[in-house]
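Atoms within a ligand are numbered from 1 in the order they appear, just like the ligands themselves.
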Amino acid sequence: MRKRFIINSLNFVRNTGVHHGKILPAELERLREYLSDHAGEIAYSISGILDEKGRPVLKIIITGMITLCCQRCLSKLEHTLDVKTHLLIARTQDEYSSYDEDNSVDAILASPDMDALTLIEDEIILSLPISPRHLENECSINNITINTSEATKAVVKKHPFASLKSLKK
Ligand SMILES: [Zn+2]
C-alpha cells in the first residue's frame with residue numbers, strides 16, 4: 001500500500017498548513033513507468049498560503065534525485081528534481097474555468113479529501129523532460145561501434161517513454 005496524506009485543501013490554507021516528507025521513487029506508481037531504476041529519494045513540502053490577491057494557494061516544492069532512462073543509449077540517467085509550483089485553489093467550477101483560461105496560473109478544484117501525494121506525483125511527472133538524454137560526452141551511445149543511428153532515430157520518433165515501457169515487458 002502506498003502512503004497517503006489526505007488534506008482538505010481550503011481548510012489546509014485557512015490553517016496555514018505545512019506538510020513535508022520524503023518518499024522513495026518506487027512508491028509513486030505512475031512515476032515508476034518513467035524510471036530506469038528505483039534509486040534516489042524525493043523530498044517535498046506543501047504549504048497553504050494566500051497569494052497577493054488573497055486567493056488560496058498550495059505552494060509545492062519538490063527536490064531530490066531520480067533515475068530516468070536516456071533516450072539515446074537507453075541506459076540510466078540521473079535526473080535532479082527541482083520543482084516549485086503555486087497551485088491556485090478554485091472554490092467553484094466557474095472559478096476553476098476562469099483560472100483554466102489564464103495561462104499564467106495553474107489551478108486545482110478545491111476538495112475536502114485531496115491526496116497530497118497524488119498532487120506531488122503529478123507535479124513531478126509534469127516536470128520531467130520530454131526526451132531525457134545524457135550530455136553528448138557522457139552518453140554511452142558514443143562508445144558503441146556498430147551503426148545504430150537508424151535504430152536510434154526510430155526510438156526517438158516514438159513516444160519518448162515508449163521504448164522504456166517495452167523494455168520492462
Ligand atoms: Zn545516454
Quick one: does [X]'s side chain have a donor or acceptor within less than 3.5 Å of a partner on [Y]'s backbone?
X	Y	value
T16	V13	no
Q71	C69	yes
R133	R72	no
D51	K53	yes
E95	R91	yes

Side chains of T85 and E123, donor plus acceptor under 3.5 Å: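 E123 and T85 do have a side-chain donor-acceptor pair below 3.5 Å.
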
What protein N/O/S atoms are found closer than 2.8 Å to the Zn ion (ligand 1)?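 N, O, S partners closer than 2.8 Å: C70 SG, C73 SG, H134 ND1, C139 SG.
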
